[in-house]
2 protein chains.
Amino acid sequence: MKKKTTIYDIAAKLGLTAATVSRALNNNTKISLNTRKLVLETALEMNYEQNKLALALKSGKSFNVGVIVPRIDSNFFSSVIRGIEEELYPMGYHVIICQTHNQENIENEKINSLVNVQVDGILMSISNANLEENKGFNKLLKNKKTPLVFFDRKKDIKGISSVTIDDFKGGYDATKHLLDQGCKRIAHLSNDRNFEIFRNRYLGYKQALSDNGIEFDERLVIETQSSVLDGRRAARLLLDMETPPDAIFSSSDFAALGAIQEIKESGFKIPEDICVVGFSNEPFTRFMELTTISTVDQFPLEMGRTAAQVFLEEVSNTEDTKITKNVVLTPQLIIRKSSLKHKEA
Amino acid sequence: MKKKTTIYDIAAKLGLTAATVSRALNNNTKISLNTRKLVLETALEMNYEQNKLALALKSGKSFNVGVIVPRIDSNFFSSVIRGIEEELYPMGYHVIICQTHNQENIENEKINSLVNVQVDGILMSISNANLEENKGFNKLLKNKKTPLVFFDRKKDIKGISSVTIDDFKGGYDATKHLLDQGCKRIAHLSNDRNFEIFRNRYLGYKQALSDNGIEFDERLVIETQSSVLDGRRAARLLLDMETPPDAIFSSSDFAALGAIQEIKESGFKIPEDICVVGFSNEPFTRFMELTTISTVDQFPLEMGRTAAQVFLEEVSNTEDTKITKNVVLTPQLIIRKSSLKHKEA
DNA sequence: CATACAATTGTAATCGATTGCATATTAATA
DNA sequence: TATTAATATGCAATCGATTACAATTGTATG
């Protein structure tokens with residue numbers, strides 16, 4: 001099992017120096033055309049391949065970027081990652097995946113770990129709403145040469161770029177649509193509002209109500225996890241109220257599905273009795289047989305692509321002043337059967 | 001913006017040598033306990049962090065593994081990757097993701113690219129049934145020190161480990177179940193049988209028929225892509241036959257869904273007129289409102305974990321003789337409404 | 001013909017950590 | 001006290017590539 005050939009091997013074979021070989025391989029014009037050609041041929045002959053690790057050590061660039069997400073096995077995150085990979089690979093970068101499972105300590109650990117292997121940047125969707133209290137994270141912040149880009153779940157931190165969707169608008173549009181359908185008592189399945197995304201969906205919901213003269217009723221807002229079971233539980237609570245709601249805007253498709261199941265099993269009709277809108281445009285929302293689920297598309301692929309582009313801009317920026325970009329994508333309300341009583345104008 | 005501290009910085013501060021510092025940090029007993037303690041404290045003080053790139057160059061181990069899949073945004077593959085990441089991270093490895101989108105040239109390129117950045121191993125689900133004709137791949141094969149582990153879509157190559165499920169059994173069990181339901185004319189939505197997985201599902205299907213005295217009818221086997229649309233098209237063809245089938249075993253859940261849609265829209269009842277079984281246990285199969293879809297679970301999480309374990313065994317193997325493991329997981333038939341006419345015994 | 005300048009290639013340091021082989025210091029033994 | 005052994009540290013090479021700064025050779029010009 002022979003070792004990989006290095007520039008020294010090539011140099012030795014040609015009676016040259018490693019320096020010359022290196023320059024020749026990089027097509028440096030200081031090296032005569034003849035030598036360049038010769039070196040290139042020999043390199044090919046000897047199956048030479050540049051050792052990227054050596055290069056990385058010398059240059060301080062690993063051409064790796066870290067991506068941190070709560071979990072990878074969800075349609076949303078895997079689509080974002082798909083976008084990131086597709087955008088970064090052509091530029092010579094490799095994508096390292098890390099999952100946090102929403103645990104702060106794991107998130108901290110993985111940030112550190114990525115910094116340690118000298119990634120050229122980190123793209124992340126935060127799991128920890130109190131990220132700033134995190135030592136490893138703060139170290140990263142100070143180290144301005146390693147770009148950090150938030151996507152989706154971000155924290156508003158000065159000097160840090162982010163790519164998100166306009167969750168406020170998502171919440172607003174969904175709620176407005178329900179109002180347009182004639183719904184008056186619209187419940188909201190929320191989630192931990194320490195996260196901007198859930199807070200903004202909630203705020204959008206409230207604003208739409210207020211803009212349309214509907215009084216906000218705190219009892220109609222239920223905090224849930226993003227799961228079918230939690231959706232069922234929340235729906236149960238709502239249905240057991242004295243005056244049940246006539247619509248539900250859920251910040252999660254899974255919870256929306258759970259709610260729909262519970263509602264139907266309780267003998268109510270969707271959308272006639274209760275309209276439902278979810279959030280994320282998970283594949284299954286479109287696959288339902290009877291009641292396809294209205295939802296809000298977050299364009300995860302584009303989000304990933306954009307986050308990657310922002311990263312690329314930041315790494316290629318040589319100025320002293322850091323550019324910070326906060327891109328906000330526009331979500332799209334997708335109206336399906338679960339909320340369509342009448343065709344809208 | 002100060003640079004990261006190195007062992008040289010620590011050495012300078014303490015009037016020692018980098019060698020001593022290195023040894024102290026590695027808890028080498030040749031270094032006196034006092035010095036060790038001193039160095040460790042100073043390292044902490046100065047926020048020292050080992051430069052993994054330097055280490056990688058020196059040791060030849062990058063502690064990165066590459067994972068190559070057709071695409072990451074499918075439930076199956078992202079679940080496998082989840083398993084891989086969860087298993088490898090605790091052992092100090094990072095996972096680099098590459099997608100091929102089923103294109104041979106991209107697959108080749110990415111294999112080369114990963115080898116170039118000195119990954120310590122590659123776990124992959126092949127996109128190219130003719131992988132052996134691939135130059136980059138063959139280079140990898142010869143280089144016995146970098147473990148290669150196939151998962152799911154493998155190629156039978158001597159000396160290469162793999163983790164798959166028993167697709168034959170999956171196909172057999174699904175078909176047998178349909179026979180047990182009284183179906184006599186069972187169609188099969190297949191896919192490119194140059195891939196072992198599809199070939200084996202097909203063979204399992206055939207075997208179950210033959211074992212139960214049903215004659216194999218080639219016209220009932222339709223090659224499809226794994227998509228809803230293709231499932232519809234295939235179902236259309238089948239329904240238009242003189243004698244339509246009374247069951248469909250699809251090697252893809254998406255195609256199964258498409259078939260179900262087409263069948264229902266044509267006025268047939270599922271499962272009464274036609275039973276359907278899919279493959280993969282995609283989330284939506286369970287979420288259907290009326291006709292939850294029978295399918296075959298492939299345990300992707302476990303598959304990823306196992307593939308990672310096989311990799312770990314191979315890298316930690318110091319013997320000259322290579323260990324090759326071919327793990328075959330057992331799939332599980334999940335019977336739901338789309339194929340359940342009668343409760344089975 | 002001498003000098004200047006351009007065109008090539010070489011020398012050696014560098015990135016940061018590890019490690020075999022000295023070397024120096026101290027302690028133990030004869 | 002002389003010798004040996006153990007303990008602790010330093011020296012210098014190494015991993016493979018890049019690059020500032022020589023050094024060499026050749027060519028052109030006055």
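Lettering of chains follows the sequences in order, A, B, ..., and the numbering in each one begins at 1. Not measured: the values here are computed from a predicted model.
Interface residues of residues 9-24 of chain A facing DNA chain C, ordered by number: A:G15, A:L16, A:T17, A:A19, A:T20, A:R23; criterion, heavy-atom separation under 4.0 Å. DNA chain D is contacted by A:Y48, A:E49 of residues 37-49 of chain A, taking any non-hydrogen atom closer than 4.0 Å. Taken residue by residue, residues 56-64 of chain A places heavy atoms nearer than 4.0 Å to DNA chain D at A:K58.
Every pair passing salt bridge (Lys or Arg N to Asp or Glu O under 4.0 Å) that includes a residue from residues 86-96 of chain A is listed here, sequence neighbours excluded: A:R82-A:E86, A:E86-A:R305, A:E87-A:R305. Listed by first and then second residue, the salt bridge (Lys or Arg N to Asp or Glu O under 4.0 Å) pairs involving residues 29-55 of chain A are A:K4-A:E49, A:K13-A:E45, A:E49-B:K139 (not counting sequence neighbours).
For B:S127, the side-chain contact (heavy atoms from CB on, under 4.5 Å) partners two or more places apart in sequence, or in a different chain, are B:P70, B:T100, B:N102, B:E107. Remark: A:F76 pairs with no residue by the ring-ring contact (aromatic ring centres under 6.0 Å, His included) rule, at least two apart or across chains. Partners of A:F63 under the ring-ring contact (aromatic ring centres under 6.0 Å, His included) rule, at least two apart in sequence or in another chain, are A:Y93. B:F299 is linked by a ring-ring contact (aromatic ring centres under 6.0 Å, His included) to nothing, counting only residues two or more places apart in sequence or in another chain. Scored by the salt bridge (Lys or Arg N to Asp or Glu O under 4.0 Å) test, A:K322 finds A:E314 as partners (sequence neighbours excluded).
Among all heavy-atom pairs drawn from B:P147 and B:D120, the shortest one is CD-O, 3.0 Å. Of all heavy-atom pairs spanning A:I160 and A:N326, the tightest one is O-ND2, 3.4 Å.
Between B:L53 atom CG and D:dT18 atom P the separation is 15 Å, expressed in whole Å. Rounded to a whole Å, the CG atom of B:L33 is 13 Å from the C1' atom of D:dT7. What separates OH of A:Y8 from P of D:dA13 is a distance of 13 Å, to the nearest Å. Remark: P of D:dA8 and CG of B:N28 are 11 Å apart, rounded to the nearest angstrom.
Distance CD1/A:I84 to CZ/A:F77: 10.5 Å, rounded to 0.5 Å.
Contact check on B:K325 versus B:E313 returns a salt bridge, with a Lys/Arg side-chain nitrogen under 4.0 Å from an Asp/Glu carboxylate oxygen. The pair A:D152-A:K154 fails the salt-bridge criterion, with no side-chain N (NZ, NE, NH1 or NH2) lying under 4.0 Å from an Asp/Glu carboxylate O.
Counting any heavy atom pair closer than 4.0 Å across all strands shown, A:I7 reaches a base atom.
The one candidate from B:E302, B:Q309, B:M303 that meets the side-chain contact (heavy atoms from CB on, under 4.5 Å) condition with B:V163 is B:M303.
Checking side-chain atoms of B:E196 against main-chain N and O of B:R153 turns up no donor-acceptor pair under 3.5 Å.
With a heavy-atom cut-off of 4.0 Å to chain A, the contacted part of DNA chain C has its first and last nucleotide at C:dT8 to C:dG16.
Annotation for A:M46: atom CE counts as buried by contact number, over 12 foreign heavy atoms lying within 6.0 Å.
In this structure, the helix from C:dC1-D:dG30 to C:dA30-D:dT1 shows an angle of 70° between the axis at its start and the axis at its end, each fitted on 5 base pairs and rounded to 10°.
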